[in-house]
Amino acid sequence: MSRIQRIKKGADIRLEGRPADTVSKAPSAQIYAVKPPDFLGVITKLTVRQGDSVKAGSTLFYDKKKPSVKYASPVAGTIKDIVRGAKRRILAIEIEADSENSYVDFGVLDVSASNRDQILSRLLESGMFPFFRQRPFDVAANPEDHPRSIHISAFDSSPLAASASVALDGRLADFQQGIDALAKLAGDGGVHLGLRRSDNALAGVKNCQMTYFEGPHPSGNVGVQIHHTAPLSKGEVVWTISPQDVANLGGLLTSGKYIPSRVVACGGSECKDPQHVLTLSGASIASIIDVPSKAHNGHEVRVISGSPLTGDQVSKDGFLGAHHFAIALLPEGHDPKFLLTSGWLSLGLGRFSLSKSFLTWLMPKSKVWALDTNMGGEERAFVVSGQYEKVFPMDIHPVHLVKSIIVNDIDSMEKLGIYEVAPEDFALCEYGCTSKIPVQKIVREGLDNLRNELG
Amino acid sequence: MKALHKIISSVKPHFEEGGKLAKFWVVFDSLETFTFTPGHVTNNGSHIRDGIDLKRTMFLVIVALLPALLFGTWNIGDQYFSSIGESAALFEKMMVGALKVIPLIVVSYGVGLGIEFFFAAKRGHGINEGYLVSGMLIPLVMPVDVPLWMVAFAVAFAVIIGKEVFGGTGMNIVNIALTSRAFLFFAYPKQMSGEIWIHDVAASKGGGLLVDGTTGATALGYLASTVGKVVDTPAVQGVMNMFADGGMFSLHNCLLGTIPGSIGETSVIAILLGAVILIVTGIGSLRIMGSFLVGGLVMGLIFNLLGLNGFMTLDPLHQIVIGGFMFGMVFMATDPVTAATTNTGKLIYGFLGGFFSIMIRVFNPAYPEGVMMAVLFMNVMAPMIDHYVLQANINRRQKRLQNI
């Protein structure tokens, strides 16, 4: 069963350096890292020490609050370092890979003959479970919850994103196996798969409800898809997982090996060879992509793990984030812009804008833009209205929700629909905001406050 | 431009904390960011950002005001010379107008920005650009011969009581420019009525220069005199004839704007040029403007059907081209801070704004400028409209919860 959902609000930002549809295999990295802060809401309890040797799938740490949730090493090797930040918070566990990879054998599991508990405990012990996230709050999922449904967005509509059909090419059997397992984990709502209307690569997948989405970003955001297929109400919990992790999950059950593989889209205007690269979760950036020492504009190159709209800034010797499937290289925008030539009084032909006050809206749709990281103005009070609404395709009033979060009015947040949103859904609002309000940060803080309040 | 940036960077240390001129940091900062959008970069969140900022937004509103400003300047001269029966060249008319308009603009910006700088320095934030627009709107809603000291008072009142006490730009409840005008009309009712709509009309009258029949009254002033009188009397018919084809306030003259009135409000064509700029750039809300227009026309039509006095019998199309209706619709009602902020709310807000503008104008002859009152009233009502729109959204969500 499938249906079509048209999303009208939103915008596609066409950045220069879109990755080609080819996949090259990255040389195996020397160092991998698992970063606990990638898994929101987790309190790290280490089970390894520096110098210990591990296999792919060996537990590195578990969640102190939910000890059944184990986090595994992506490769076999030796624990090189445990990086700590302020208050000795663990930021990363770095693993130096062995030349030969070896795996913990979790055994094969026949999904059709297994029940929910068997599948769940296999995912927990193997370290696959942390790739589930939950709504509300957009944090790591809790294995004790019985999610109403499980939602997968099979495409990423954000700029420079990996193409799911490229990433899942040749992995349909694993993907189907993963879906079958998810169907046993989900409650009455079942498994929902959101597909891009123009892409039929996953059309043959069974055992899930398919919805075809049409329209600009953020139509590929799983939150937007949930809103339009089975909206979330207070008290309900759904899980989300990325399509590549569904295939990895299927692979785990059929082979018994934990292989968190990643097809990563490498792109951006400073990327010499924009294409997809096959690697593992937590691989070092250097093993995936060549970062030039200087950008075209003479400044440094910013390395973003994830999408330019939502990702994390990492250093050249940093690591790919656990939930990231893209790396973007963009020039830093330290140049002050003179008012007439490129600043606020210019015609604005060189800058992609959601506002029609720049003439970019007259440009052909095929034009790609090389954007830098300049703020494009200073932070101001909320003045303009109607801007967020244009790129926020949910039946929620984004400005009023953000304002209720700013004043920490929990009652209003709940009423205005905070349970349905994640920071990423506000990324375009933040991009186009005249007053340069850090919307995603505000929403993240709001979600965290609310979660603490509810205990 | 590197040279200019070097100069600015070289004097910067004096204004930074510990420098000799640290008190004037706000002034320096606003001038620096005026010339160069700073090289600030994003940290996390969205790594790329739109080029749109508040400076550009506000500047485009000023551009949209230019046609009305230029026409208004010319019209001051035109009204003056026709009131004394002389013909004059374009340049002379512009000069007469410029001598009235430029001091008004200087006073408006001088007083308003002075107060803004003070509050920005006190609160320790940068200058918000909001006043750039308010400072231009204020001269345009003033009568020609308003004394400058009154304008200074009005601006100070509007900026301090209308805006800063609520927390500054983005926090005000009512429109700043209209607050200043309302202040003048209520604080100085005697000085703000009668012979101030045409430059020097009182002096011309005293000197016997005035052309016969010129009184210096506005279209609304004339129409207000018909209220309470029987329609078929000669006095009322005399007024109504001024609005017929060939009369002083014919549809043609009102569209063009060659009639007495506040400086920027007379020419519908100039205002609509501004409206096009605001709509094309997406800065002015088409929702508000459109529904405001419809609201005004509907009320005009209802009055037409009633036809109780001369004012009511005026064609709805004619109603909306006289007085400040068009100016209020394009530049006042659309102020995003004081208007409704939800999309549905904007439609309701605009419609009621236009509706009440015409209603107040006709029902309250003692005070004919209904648009100002209507927009101020709707400014106060806007949060309530939004409240109900949000409540409807909340109810939809709660209904869903009950259905599971």
Side-chain angles (χ1 to χ4, degrees), chain A residues 13 231 233-234 236 302 304 308-313 330 332-339 341 343-345 348 351 353-358 371-378 380-386 389 395-397 399-400 415-417 427 430-436 438-441, chain B residues 1 4-5 8 29 32-60 125-126 128-130 167-171 280-283 285 287 336-337 339-343 346 386 389-391 393-394 396-398 400-401 404:
Chain A
I13 304 174
S233 295
K234 187 183 175 179
E236 291 180 314
R302 174 171 301 193
I304 301 162
L309 286 176
T310 55
D312 293 330
Q313 184 178 348
L330 300 180
E332 290 285 6
H334 287 301
D335 286 320
K337 294 176 166 46
F338 182 61
L339 79 160
T341 51
W344 58 277
L345 259 184
R351 209 167 169 97
S353 176
L354 301 180
S355 153
K356 287 195 171 162
S357 74
F358 284 80
L371 299 187
D372 61 24
T373 61
N374 190 276
M375 284 291 282
E378 304 112 278
R380 290 288 182 256
F382 261 120
V383 169
V384 179
S385 68
E389 285 82 353
D395 185 22
I396 285 174
H397 290 277
V399 176
H400 300 87
K415 285 179 174 170
L416 290 170
E430 183 171 276
Y431 173 82
C433 182
T434 300
S435 298
K436 313 291 172 192
V439 188
Q440 295 191 73
K441 185 166 155 249
Chain B
M1 283 311 121
L4 181 60
H5 190 252
I8 293 177
D29 179 60
E32 186 198 14
T33 58
F34 181 86
T35 43
F36 289 95
T37 303
H40 299 165
V41 293
T42 55
N43 34 47
N44 265 338
S46 182
H47 296 267
I48 47 176
R49 295 296 175 96
D50 207 311
I52 184 81
D53 64 354
L54 207 53
K55 283 190 177 65
R56 189 179 181 89
T57 310
M58 293 299 171
F59 176 75
L60 278 163
H125 61 64
N128 273 284
E129 289 80 4
T169 300
M171 316 289 179
V280 168
T281 55
I283 285 170
S285 164
R287 273 193 178 81
V337 175
T341 54
T342 53
N343 283 340
K346 282 175 185 173
D386 281 340
V389 173
L390 289 180
Q391 198 57 47
N393 180 276
I394 291 166
R396 270 201 297 285
R397 198 164 296 115
Q398 278 173 349
R400 197 173 74 207
L401 188 62
I404 7 176

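Residue numbering restarts at 1 for every chain, and letters A, B, ... go by the order of the sequence lines.
- Each of A:Leu371, A:Val384, A:Asn374 has some count of heavy-atom pairs under 4.5 Å with chain B, and the biggest count is that of A:Asn374.
- Among A:Gln440, A:Glu332, A:Arg302, the residue making the largest number of heavy-atom pairs under 4.5 Å with chain B is A:Arg302.
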key: Verdict with supporting geometry, A:Ser357 and B:Ile283, side-chain contact (heavy atoms from CB on, under 4.5 Å)   = CA-CA 8 Å; A:Ser357 74; B:Ile283 285 170; 4.2 Å; yes
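- Contact annotation for A:Val399: neither backbone nor side-chain heavy atoms come within less than 4.5 Å of a heavy atom of chain B.
- B:Ala340 and A:Ser385 make their closest contact through O-OG, 4.4 Å (heavy atoms, listed as atom of the first residue, atom of the second, distance).
- Proximity of B:Arg400 to A:Lys234: side-chain heavy atoms (C-beta onward) are nowhere separated by under 4.5 Å.
- Considering CG of B:Leu54 and CZ of A:Arg380, their distance stands at 6.5 Å, rounded to 0.5 Å.
- When each of B:Asn343, B:Asn43, B:Val389, B:Leu60 is scored by its heavy-atom pairs under 4.5 Å with chain A, the top score falls to B:Asn43.
- With rounding to the nearest 0.5 angstrom, the CZ atom of B:Arg49 is 8.0 Å from the SG atom of A:Cys433.
- For the residue pair A:Met375 and B:Thr42, the shortest heavy atom distance occurs at SD-CG2, 3.5 Å.
- For the pair A:Lys436/B:Asp53, a side-chain contact is recorded, criterion being any heavy-atom separation below 4.5 Å from C-beta on.
- Considering only heavy-atom pairs separated by less than 4.5 Å from chain B, the leading option among A:Ser435, A:Ala381, A:Ser353 is A:Ser353.
- Once rounded to the nearest 0.5 Å, the distance linking CD1 of B:Ile48 with CD1 of A:Ile13 reads 4.5 Å.
- Between the side chains of B:Asn393 and A:Asp395, at least one donor N or O sits under 3.5 Å from an acceptor N or O.
- For the atom pair CD1 of B:Ile394 and NE2 of A:His397, the computed distance is 8.5 Å after rounding to the nearest 0.5 Å.
- For the set A:Thr310, A:Leu354, A:Ile304, the entry with the most heavy-atom pairs within less than 4.5 Å of chain B is A:Ile304.
- Within the 3.5 Å criterion, the main-chain N or O of B:Arg397 finds no donor-acceptor partner in the side chain of A:Lys415.
- Using a 4.5 Å cut-off between heavy atoms, A:Leu330 touches chain B through its side chain atoms alone.
- The distance from atom CG of B:Asp50 to atom OG of A:Ser355, rounded to the nearest 0.5 Å, is 6.5 Å.
- Contacts between B:Arg287 and chain A at a heavy-atom distance below 4.5 Å are absent for every atom of the residue.
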task = Verify side-chain contact (heavy atoms from CB on, under 4.5 Å) between A:Val383 and B:Met58, making sure each step is shown before the conclusion.
result = CA-CA 10 Å; A:Val383 169; B:Met58 293 299 171; 3.9 Å; yes
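- Side chain to side chain, B:Arg56 and A:Thr434 fail the donor-acceptor criterion of an N or O pair below 3.5 Å.
- Both the backbone and the side chain of A:His334 come within contact range of chain B, with heavy atoms under 4.5 Å apart.
- Of the two parts of A:Leu416, the backbone and the side chain both hold a non-hydrogen atom closer than 4.5 Å to a non-hydrogen atom of chain B.
- Side-chain contact check for A:His400 versus B:Thr341: some heavy-atom pair is nearer than 4.5 Å.
- For a residue to count as touching a neighbouring chain, one of its non-hydrogen atoms must lie under 4.5 Å from one of that chain's; by this rule A:Phe382 touches chain B with the backbone only.
- Remark: B:Ser46 OG to A:Lys441 NZ distance equals 14.5 Å, nearest 0.5 Å.
- Heavy atoms closer than 4.5 Å to chain B are found in the side chain of A:Glu389, but not in its backbone.
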